[in-house]
Protein chains: 2
Amino acid sequence: MRYSRQRELILETLKNFENHPTAEQLYLRVKDQLPTLSLGTVYRNLNLLVELGQIRKVESTGSASVRYDARKDEHCHLVCLSCNSIIDIDLDYFNSVDSKIKDEFNFTVTEHEVVLKGICSKCSSAEK
Amino acid sequence: MRYSRQRELILETLKNFENHPTAEQLYLRVKDQLPTLSLGTVYRNLNLLVELGQIRKVESTGSASVRYDARKDEHCHLVCLSCNSIIDIDLDYFNSVDSKIKDEFNFTVTEHEVVLKGICSKCSSAEK
DNA sequence: ATAGCTGCAAAATGTTTGCGCGAAA
DNA sequence: TTTCGCGCAAACATTTTGCAGCTAT
C-alpha cells in the first residue's frame, strides 16, 4: 500500500476525535486541513483501514450511518438514548460466554458486536 | 389502529420465516399471496410493528439491510460468517452485566444489542 | 515510468414520504 | 361518511464506483 496524505490525516483525525464520528463528520473535519478532499476518498480509506484492522466500525448505534472507532481492540459500546454519546468499555465480561456457546451450539465465536443502550450518568442527573 | 390485511400477512409471514428476513425478502414472499402489495407498505408496517413491540429489528448483521425478527423478547444473535445464517440464543448471560455497568459508569442499561459472529457448526464441519 | 490513489460525479442501495384513491370503522 | 392505510413513484440518505488525471515509488 502506498502512502497518502489523505489516509494519514483521516486516521490521525479519527484518533483525535472525541466521539465516534460518521464518515461525513470525519470528512468535514479533515477537509479543514485539506480542502480538496472528497467524501469518496474518506469512505475508501475508512474501508481500507477497517480491512487492515487499524480501526473498527461501530454498528447498531441507531444512527442511520456507520460510526468509526480508532480503538483497534474489541470492546463494547454504551449508547445513550438521550444524548447519543457513546462510551467505550472493555469486554472481559464476555470471555466466558464464548466457550459456553461453543459447548451448547458448536458455534465458534470470533467477533463480538455488543451495544448496550440506555441512559448515561450525565443525562440521568439532568433529566429531573 | 385499524385492521389491514397487509399488516396481518406481513406479521404472519415474518413469524413463519425460517430466517430473519430483510424487508425485501419479506415483501417478495407476502407478494405471492397479495400481488398488489408495495414495498413501501412493508416498510411502514415493519416500523409500526417495531414501535408496538410486536417484532424486533436485528442490526449489526453485516448485511447492508436491517433484518427483522418475530421474537418479541430480547435475545442474542449468532451470525455465521460463512453461510450468514442467524441463530437465536437467550440472553441470561448479560443480566449480571447491567448492574456492574450501573456501578461502574452510572449508566442505566435498558436495551441489549448483542451479535456474536463466527462459524456455525454446519459450516465448520463442511469446511475441511 | 507505472501502479495506485485522488477528486468528481454518477450510480447503486436501502428506506422514507407525499399524494390521491380505496377500504375499514 | 370519515379516516386511515395502501399503492405508486419520487425523494432521500448513505455508500460505492468508473474514470481521467495526479503522485508516490
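Chain A is the first sequence line, chain B the second, and so forth, proteins listed ahead of strands; every chain is numbered from 1.
Running 5' to 3' along DNA chain C, contacts with non-hydrogen atoms of chain B at under 4.0 Å begin and end at dG14(C) to dA25(C).
Nearest heavy atoms, Leu39(A) versus Tyr27(A): N-CE1, 3.4 Å. Nearest approach of Ala23(A) to Leu46(A), heavy atoms of both residues: CB-CD1, 3.9 Å.
As rounded to whole Å, 10 Å separates atom P of dT16(D) from atom CG of Leu39(A).
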_As a quick check of understanding, evaluate side chain to side chain contact (heavy atoms under 4.5 Å, CB included) for Cys120(A) and Cys83(A), giving each step before the final call._
CA-CA 8 Å; Cys120(A) 75; Cys83(A) 68; 3.9 Å; yes
*Should Arg56(A) and Lys72(A) be marked as a side chain to side chain contact (heavy atoms under 4.5 Å, CB included) after you check the CA-CA gap, both sets of side-chain angles, and the distance that decides it?*
CA-CA 6 Å; Arg56(A) 299 182 156 267; Lys72(A) 294 182 195 177; 5.5 Å; no
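The side chain to side chain donor-acceptor pair (under 3.5 Å) analysis of residues 34-44 of chain A, with sequence neighbours excluded, yields the pairs Ser38(A)-Thr41(A).
Residues Gln25(B) and Arg67(B) have side chains in contact (heavy-atom distance under 4.5 Å, counting atoms from C-beta outward). Between Tyr68(B) and Val58(B) there is no side-chain heavy-atom pair separated by less than 4.5 Å. Between Leu81(A) and Glu111(B) there is a side-chain heavy-atom pair separated by less than 4.5 Å. Under the 4.5 Å side-chain criterion, counting only non-hydrogen atoms from C-beta, Ile87(A) is in contact with Phe107(B).
Residues of residues 20-38 of chain A that place a heavy atom closer than 4.0 Å to DNA chain D do not occur. Proximity of residues 40-55 of chain B to DNA chain C (heavy atom under 4.0 angstrom from any strand atom) is restricted to Gly40(B), Tyr43(B), Arg44(B), Asn47(B).
Take Thr108(B) and apply the side-chain hydrogen bond (donor to acceptor under 3.5 Å, both in side chains) test, not counting sequence neighbours, and it matches Lys102(B). Remark: Asp73(B) pairs with Arg71(B) by the salt bridge (Lys or Arg N to Asp or Glu O under 4.0 Å) rule, at least two apart or across chains. With sequence neighbours excluded, the residues satisfying salt bridge (Lys or Arg N to Asp or Glu O under 4.0 Å) with Arg5(B) are Glu8(B).
The other members of the hydrophobic cluster of Val115(B), by chain and number, are Val79(B), Ile86(B) (side-chain heavy atoms under 4.5 Å, ILVMFWY only). Under the 4.5 angstrom side-chain criterion for Ile, Leu, Val, Met, Phe, Trp and Tyr, the cluster partners of Met1(A) are Leu48(A), Leu52(A).
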Short heteroatom pairs, N/O only, protein and nucleotides 22-25 of chain D, under 3.5 Å:
{"residue": "dT23(D)", "atom": "O2", "partner": "Arg2(A)", "partner atom": "NH1", "Å": "3.1"}
{"residue": "dA24(D)", "atom": "N3", "partner": "Arg2(A)", "partner atom": "NH1", "Å": "3.4"}

Side chains of residues 14-21 of chain B: which donor-acceptor partners sit under 3.5 Å, not counting sequence neighbours?
{"residue": "Asn16(B)", "atom": "ND2", "partner": "Glu12(B)", "partner atom": "O", "Å": "3.4"}
{"residue": "Glu18(B)", "atom": "OE1", "partner": "Arg29(B)", "partner atom": "NH1", "Å": "3.3"}
{"residue": "Glu18(B)", "atom": "OE2", "partner": "Arg29(B)", "partner atom": "NH2", "Å": "3.2"}
{"residue": "His20(B)", "atom": "NE2", "partner": "Asp69(B)", "partner atom": "OD2", "Å": "3.0"}
{"residue": "His20(B)", "atom": "NE2", "partner": "Asp88(B)", "partner atom": "OD1", "Å": "3.0"}
{"residue": "His20(B)", "atom": "NE2", "partner": "Asp88(B)", "partner atom": "OD2", "Å": "3.3"}

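In the helix from dA1(C)-dT25(D) to dA25(C)-dT1(D), the terminal helix axes, each the rotation mapping four pairs' C1' atoms onto the next four within five end pairs, subtend 30°, rounded to 10°.
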